[in-house]
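No hydrogens, no waters, no symmetry mates; every other heavy atom, side chains included, goes into these values. Just so you know, residue 1 is the first one in the sequence shown, and it goes up from there.
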Amino acid sequence: MKKSTMNLPNTLSLLRVCLVPAFVLTLIFMRDVSVWGLVIPAVIYVITGLTDMLDGKIARKYNLVTDFGKFIDPLADKFMVLASLISMDAVMFLNGENTEGIIFMFVVLVILLRELGVTSLRLVVAGKSGIVVAASMLGKIKTVSQMAGTVIILLESVILPFCAENHIAAYVCMGIMTVTTVFSGLDYLKAYLPYIDTNS
C-alpha cells in the first residue's frame, strides 16, 4: 500500500482550522484577563492569517496544488473570517458594549452575505463555464482590511488607549471593512455575472 503524506500547504490549512476554535475560546474565556486576554487571541489570529497567505503561495510555487487543498483552503478561510467576527461581536455584548456590538453586527452581516454571494458565484461560474474566479485586487484589499481591522479592534484598548473609551479606531475600521467588502463583492458580480445564464 502506498503511504501518503500531507504536504505543507494542506498542513497549514488544517492548522488554520485548528487555530479557529483556539482563537474563539481564548477570546471568550480570557476576556476578563487584562491585556493578555486581548493579546493572546490577537496573536493567534495573526498566525492564522499568516497561514492563509502562505499555503496558497507555497502550493502554487512548488506545484503542490491538490484536490484536498482546493477543498480545505477556502473552507478554512471561511471558518477563520466568520468565527472570528461572530465571536468578537458576542464578546462586545458580553462586555456590555451594546452600541459597538450592534454596529459590528451590521458589519458581520455584510461580510457574511458577501462571502456567501461570492462563494456561490465561484461555484456556479466554475461549474457552468469552467472559469476559475480568481481573487481580484479589490478582493485582496478587502482581505487585508478585514485582517488589519480585526487586530486593531481587538487591541484598541492596548495600542490606542486614547481611542478606547469612544471606540473611534474600532468604528473607523468597521467602516473601512464594510466599504471594501461591499465594493469587492460588487466587483466580482460585475466581472462574472455575465457568465451566468439566467434563463437556463
Pairs under 3.5 angstrom only: tabulate donor-acceptor contacts from the side chains of residues 101-111 to other protein residues two or more places apart or in another chain.
none

State which residues pass side chain to side chain contact (heavy atoms under 4.5 Å, CB included) with Ile152; sequence neighbours excluded, sorted by chain then number. Leu160, Ala169, Cys173
Inter- and intrachain pairs under salt bridge (charged side-chain N to carboxylate O under 4.0 Å, His left out), touching residues 141-157, at least two apart: Glu115-Lys142
Please, which pairs that meet ring pair (Phe, Tyr, Trp, His ring centres under 6.0 Å) have at least one residue in residues 139-168, sequence neighbours excluded? none
Results of side chain to side chain contact (heavy atoms under 4.5 Å, CB included) for Ser120 - residues two or more places apart only: none
Got a sec, which pairs hit salt bridge (charged side-chain N to carboxylate O under 4.0 Å, His left out) with one end in residues 82-102, sequence neighbours left out? none
Is there a path of hydrophobic side-chain contacts, each under 4.5 Å between heavy atoms of I, L, V, M, F, W or Y residues, that connects Ile153 with Ile28? yes
Once side chain to side chain donor-acceptor pair (under 3.5 Å) is applied, what residue pairs with a partner in residues 18-39 remain, sequence neighbours excluded? none
Pairs flagged by ring pair (Phe, Tyr, Trp, His ring centres under 6.0 Å) wherever residues 41-93 is involved - sequence neighbours left out: Phe23-Tyr45
N/O donor to acceptor pairs below 3.5 angstrom from side-chain atoms of residues 10-17, sequence neighbours left out:
| residue | atom | partner | partner atom | Å |
| --- | --- | --- | --- | --- |
| Asn10 | ND2 | Asn7 | OD1 | 3.4 |
| Asn10 | ND2 | Thr66 | OG1 | 3.0 |
| Thr11 | OG1 | Asn7 | O | 2.8 |
| Ser13 | OG | Pro9 | O | 3.2 |
| Ser13 | OG | Asp55 | OD2 | 2.8 |
| Arg16 | NE | Asp77 | OD1 | 3.2 |
| Arg16 | NH1 | Thr51 | O | 3.4 |
| Arg16 | NH1 | Thr51 | OG1 | 3.4 |
| Arg16 | NH1 | Asp55 | OD2 | 2.9 |
| Arg16 | NH2 | Asp55 | OD2 | 3.1 |
| Arg16 | NH2 | Asp73 | O | 3.3 |
| Arg16 | NH2 | Asp73 | OD1 | 2.6 |
| Arg16 | NH2 | Asp77 | OD1 | 2.9 |

Which residues pass the side chain to side chain donor-acceptor pair (under 3.5 Å) test with Ser184, sequence neighbours left out? Arg114
Students should find that the hydrophobic cluster of Leu113, defined by side-chain heavy atoms under 4.5 Å apart, otherwise consists of none
Who clusters with Val144? Use side-chain heavy atoms, under 4.5 angstrom, across I, L, V, M, F, W and Y, and order the result by chain and number. none
Answer yes or no: does atom CZ of Phe183 have more than 12 heavy-atom neighbours from other residues, nucleotides or ligands under 6.0 Å? no
